[in-house]
Amino acid sequence: MNKSFKGRDFTRVLDFSKEELWYVLSYARDLKLKRMAGESLSILKGKILALIFEKPSLRTRVSFEVGMKELGGDTIYLSPQDIGLGKRESVKDTAEVISRYVSGIMVRTFSHKIVEELAEYSDVPVINGLSDTYHPCQAMGDMLTIWEKKGRIEGVNIAFIGDGNNVSNSLMLLSARLGANFSIASPKGYETKKEILDLAFLEAKKSGAKILVTSDPGEAVRNADVIYTDVWASMGQEEEKAEREKVFRPYQVNMELVKKAKSDVIIMHCLPAHRGEEVTDEVIDSPYSVVIQQAENRLHAQKAILALVL
Ligand code: CP
Ligand code: NVA
């Protein structure tokens with residue numbers, strides 16, 4: 001299995017089969033245990049990962065930098081001012097040139113097409129660190145957390161409250177592929193796009209997962225083992241912020257909503273959170289919340305991906 005990952009891209013969760021995704025999650029768990037035991041590894045000695053950021057970041061940047069360094073490799077950080085993907089230089093030229101210098105590329109950008117184009121023209125693996133459509137590394141860290149907290153993934157009921165965005169798209173597809181049930185409550189006009197839903201239903205048919213799409217948060221969280229939310233306006237949607245604040249108000253994850261789920265529900269959020277908007281302080285600071293463990297697990301999930309594809 002190990003060898004079959006080498007050289008591959010990870011631009012969306014569906015790039016890996018169900019067995020491969022499980023392999024990554026198990027490997028991430030191993031790496032987490034090794035780190036806790038203070039074991040040092042040099043699997044990626046001599047490898048350099050370029051980190052291309054066209055949007056800000058805390059977790060993604062720090063976890064990729066730390067992850068590479070803990071595996072014996074190194075990173076080069078390229079800020080939104082540096083490359084100008086597709087503006088200062090074509091994505092194709094950038095991909096071909098950078099492939100001659102580094103062993104892998106992590107990219108955070110706007111259009112998912114840019115990630116795909118970069119992957120097409122790079123000779124080295126491209127890992128998606130968030131695009132407007134997908135956030136696959138987030139979904140892997142999230143699923144590792146769900147596995148740790150619930151002891152299983154198949155049959156777990158995950159409820160996402162918010163729009164059909166990069167985070168919910170990736171989590172929906174990963175749930176559908178791995179057999180977790182996924183419900184999403186979004187306001188009218190902010191639902192998951194049809195292309196993503198079609199993919200999710202196709203996956204769910206194979207895995208037996210149930211997918212529920214609703215506009216009612218109460219319906220989505222009924223029987224939920226996990227309630228997940230994200231900011232109302234994602235990076236790049238700054239002008240829509242005021243309008244979204246009005247529309248999404250009834251979609252706040254507060255204690256009243258949490259009480260409608262199972263009594264041992266866990267609360268998840270990819271962070272950064274806008275406290276008082278999509279989630280209340282009371283909920284995110286409650287014993288139900290696993291957001292810090294979830295943020296930590298980005299590191300372990302990504303180390304597994306890096307070690308396998310590089
Ligand atoms: N969750 C996440 O991707 O966080 P950053 O935007 O801080 O990287
Ligand atoms: N949906 C959010 C996720 C941030 C990690 C955004 O794209 O801004």
Side-chain angles (χ1 to χ4, degrees), residues 10-13 28 49-68 75 77-80 105-115 127-146 158 160-174 184-187 190-193 196 226-241 243-245 247-248 251-253 267-275 277-279 284 289-303 305-306:
F10 189 58
T11 66
R12 40 175 222 155
V13 295
L49 182 74
L51 304 170
I52 304 178
F53 278 94
E54 298 211 300
K55 291 176 179 173
S57 168
L58 165 63
R59 280 144 290 272
T60 305
R61 176 174 177 187
V62 178
S63 57
F64 269 103
E65 295 224 20
V66 170
M68 274 304 284
T75 52
Y77 170 71
L78 296 149
S79 79
I105 301 166
M106 188 243 72
V107 61
R108 166 169 286 194
T109 187
F110 293 87
S111 165
H112 188 68
K113 288 224 160 57
I114 295 179
V115 180
I127 299 172
N128 181 1
L130 180 148
S131 64
D132 288 344
T133 314
Y134 294 120
H135 198 359
C137 295
Q138 180 70 51
M140 292 302 282
D142 298 343
M143 219 36 116
L144 179 61
T145 312
I146 292 170
I158 303 170
F160 189 98
I161 311 298
D163 63 340
N165 68 12
N166 40 18
V167 170
S168 61
N169 287 347
S170 288
L171 193 62
M172 178 189 283
L173 292 172
L174 186 59
I184 181 164
S186 317
Y190 296 90
E191 298 97 342
T192 306
K193 291 224 164 58
I196 306 287
V226 178
I227 298 178
Y228 199 123
T229 191
D230 186 9
V231 290
W232 292 337
S234 286
M235 292 179 279
Q237 295 173 332
E238 287 75 14
E239 316 93 273
E240 297 174 34
K241 202 171 180 304
E243 176 63 18
R244 282 173 173 262
E245 269 171 28
V247 178
F248 282 73
Y251 290 78
Q252 183 184 66
V253 175
I267 304 301
M268 300 184 73
H269 192 307
C270 54
L271 304 180
H274 290 167
R275 288 162 171 261
E277 292 183 17
E278 76 276 4
V279 65
I284 202 166
S289 172
V290 299
V291 299
I292 305 301
Q293 178 175 341
Q294 178 186 359
E296 181 193 323
N297 280 340
R298 289 287 302 279
L299 172 67
H300 310 300
Q302 289 160 195
K303 278 170 79 176
I305 296 165
L306 289 167

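All residue numbers in this chain count up from 1 along the given sequence. Counting convention: from 1, in listed order, for ligands and their atoms alike.
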Sequence-distant partners of Phe53, ring pair (Phe, Tyr, Trp, His ring centres under 6.0 Å), two or more places apart = Tyr77
Exercise: do Glu278 and Thr229 side chains pair donor with acceptor under 3.5 Å | no
Under the criterion side-chain contact (heavy atoms from CB on, under 4.5 Å), which of Arg244, Gln237, Glu245 is the partner of Lys241?
-> Glu245
Within 4.0 Å of some non-hydrogen atom of Asn165, the atoms of ligand 2 are 1 (N)
Atom 6 (O) of ligand 1: which protein heavy atom is closest, and how many Å away?
-> Arg108 NH1, 2.8 Å
re atom 7 (O) of ligand 2, the protein heavy-atom contact at minimum distance is Asn166 ND2, 2.8 Å
heavy-atom search around atom 2 (C) of ligand 1 in the protein gives Arg298 NH1, 3.3 Å
Pull out every atom of ligand 1 sitting under 4.0 Å from any heavy atom of Ser57, numbered as shown with elements.
-> 5 (P), 6 (O), 7 (O), 8 (O)
among protein heavy atoms, the one nearest atom 8 (O) of ligand 2 is Met235 N, 2.8 Å
Which option, Arg59, Met235, His135, Arg61, owns the non-hydrogen atom nearest atom 3 (O) of ligand 1?
-> His135
Leu58 heavy atoms, cut-off 4.0 Å: which ligand 1 atoms fall inside?
-> 5 (P), 7 (O), 8 (O)
Kindly confirm or rule out an N or O of His135 lying under 3.5 angstrom from an N or O of ligand 2.
-> no
Do any nitrogen or oxygen atoms of Cys270 come within less than 3.5 Å of a nitrogen or oxygen of ligand 1?
-> yes
For Arg108 and Gly129, work out which heavy atoms get closest and say how close.
-> NE-O, 3.0 Å
Starting from atom 3 (C) of ligand 2, find the nearest protein heavy-atom neighbour and note its residue, name and distance.
-> Asp230 OD2, 3.6 Å
Closer than 4.0 angstrom: is that true for some heavy atom of Leu271 and an atom of ligand 2?
-> yes
Taking only residues two or more places apart in sequence, or in another chain, which ones meet Tyr251 in a ring pair (Phe, Tyr, Trp, His ring centres under 6.0 Å)?
-> none
Counting heavy atoms only, which part of Asp132 comes closer than 4.0 Å to ligand 2: side chain, backbone, both or neither?
-> neither
Does the side chain of Thr60 reach to within under 4.5 Å of the side chain of Met106, using non-hydrogen atoms?
-> yes
Just distances here: any N/O of Leu130 and N/O of ligand 1 closer than 3.5 Å?
-> no
Any side-chain heavy atom of His269 within less than 4.5 Å of one from Val253?
-> no
Test item: Asp142 and Gln294 side chains (from C-beta on) under 4.5 Å apart, heavy atoms = yes
Would you check if the side chain of Glu238 reaches a backbone N or O of Gly236 as a donor-acceptor pair within less than 3.5 Å?
-> yes
